[in-house]
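Notes follow the structure.
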Amino acid sequence: MQKKNKMAAHNQLGKEGEDAAVCYLTSHGYLIKDRNWRAKRYELDIVAEKNHTLIVIEVKTRASNCFGEPEEAISAQKIRHIVTSTDAYLKKYQIDLPVQFDVITVIGHHPPFKIKHIEEAFLPPIW
């Protein structure tokens with residue numbers, strides 16, 4: 001039972017972190033197009049638009065940064081997955097805009113969180 005409660009708390013923190021990221025983005029002029037977009041094996045945390053650019057945002061929420069910065073959890077494999085998912089998103093909705101990949105880190109046990117927005121956090125890898 002304890003493990004289930006811990007997992008539920010972890011999921012709740014992630015949802016609150018993503019909500020905080022959306023509030024941050026909208027307050028900074030971003031138009032939110034999708035949240036938790038999923039199609040088959042593809043998934044994206046937040047898809048937004050600003051200045052005629054589609055911005056794909058990966059959100060990493062942690063209770064603290066005792067074990068490193070949240071953005072350090074984004075591996076090369078995760079980046080490939082985000083880029084592949086973005087490609088599927090662009091094709092599905094026939095979007096022809098430049099794409100930017102950002103990361104938002106959210107740290108804290110509950111709001112107000114410490115939010116860091118890393119614009120152009122990575123470029124699509126060349127395979």
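Numbering of residues begins at 1 and proceeds along the displayed sequence.
The hydrophobic clustering, which links ILVMFWY residues whose side-chain heavy atoms are closer than 4.5 Å, places F101 and I95 together. Under the 4.5 Å side-chain heavy-atom criterion for ILVMFWY residues, no single connected hydrophobic cluster contains both L31 and V59. In the hydrophobic cluster analysis, where Ile, Leu, Val, Met, Phe, Trp and Tyr join through side-chain heavy atoms closer than 4.5 angstrom, I104 is grouped apart from I107. The cluster map of Ile, Leu, Val, Met, Phe, Trp and Tyr, joined by side-chain heavy atoms under 4.5 Å apart, puts V47 and L97 in the same cluster.
Heavy atoms only, all atoms of each residue included: L54 and K33 are closest at CD1-CD, 3.9 Å. When every heavy atom of T61 is checked against every heavy atom of G17, the shortest pair comes out as OG1-CA, 3.5 Å.
Under the 3.5 Å distance criterion, the side-chain polar atoms of S85 are matched with a main-chain donor or acceptor of E43. Panel note: side chain T84, backbone H81; no donor-acceptor pair is recorded below 3.5 Å.
Scanning for salt bridge (charged side-chain N to carboxylate O under 4.0 Å, His left out) contacts around K40 gives an empty result, with sequence neighbours left out. Listed by chain and number, the residues in a side-chain hydrogen bond (donor to acceptor under 3.5 Å, both in side chains) with Y42 amount to none (sequence neighbours excluded). In this structure, F113 has no ring-ring contact (aromatic ring centres under 6.0 Å, His included) partners at least two apart in sequence or on a different chain. Under the rule for a salt bridge (charged side-chain N to carboxylate O under 4.0 Å, His left out), K92 has no partner lying at least two apart in sequence or in another chain. Legend: residues meeting salt bridge (charged side-chain N to carboxylate O under 4.0 Å, His left out) with E69, ordered by chain and number and at least two apart, are absent.
Shown here is K78, whose NZ atom has more than 12 heavy atoms of other residues, nucleotides or ligands within 6.0 Å. No more than 12 heavy atoms of other residues, nucleotides or ligands sit less than 6.0 Å from atom CZ of R41.
Taken from OG1 in T105 to CG in N65, the straight-line distance is 8.5 Å, to the nearest 0.5 Å. Taking OH of Y30 as the reference point, atom CD1 of I57 lies at 7.0 Å (rounded to 0.5 Å). Summarising the geometry, atom NE2 belonging to H28 is positioned 12.0 Å from atom SG belonging to C23; distances are rounded to the nearest 0.5 Å. Between atom OG1 of residue T86 and atom CD1 of residue I55 there is a gap of 12.0 Å, rounded to the nearest 0.5 Å. Here the CZ-CG distance, from R62 to L13, works out to 9.0 Å after rounding to the nearest 0.5 Å. Put simply, CD1 on I32 and NZ on K50 are 11.0 Å apart, with the number rounded to the nearest 0.5 Å.
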Pair I46-W37, side-chain contact (heavy atoms from CB on, under 4.5 Å): steps then yes or no: CA-CA 7 Å; I46 300 172; W37 179 81; over 6 Å; no

Criterion side-chain contact (heavy atoms from CB on, under 4.5 Å) on K114 and V106, from CA distance to verdict: CA-CA 6 Å; K114 178 183 172 194; V106 181; over 6 Å; no

side-chain contact (heavy atoms from CB on, under 4.5 Å) between V56 and Y89, worked out: CA-CA 10 Å; V56 176; Y89 186 91; over 6 Å; no

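A side-chain N or O of Q100 and one of D102 form a donor-acceptor pair less than 3.5 Å apart.
Salt bridge E71/K116: present, at least one basic N to carboxylate O contact under 4.0 Å.
Sorted by first then second residue, the salt bridge (charged side-chain N to carboxylate O under 4.0 Å, His left out) pairs that include residues 16-28, not counting sequence neighbours, are K15-D19, E18-R35, D19-R35.
Ring pair Y24/H117 is perpendicular by interplanar angle, where above 60° counts as perpendicular and below 30° as parallel.
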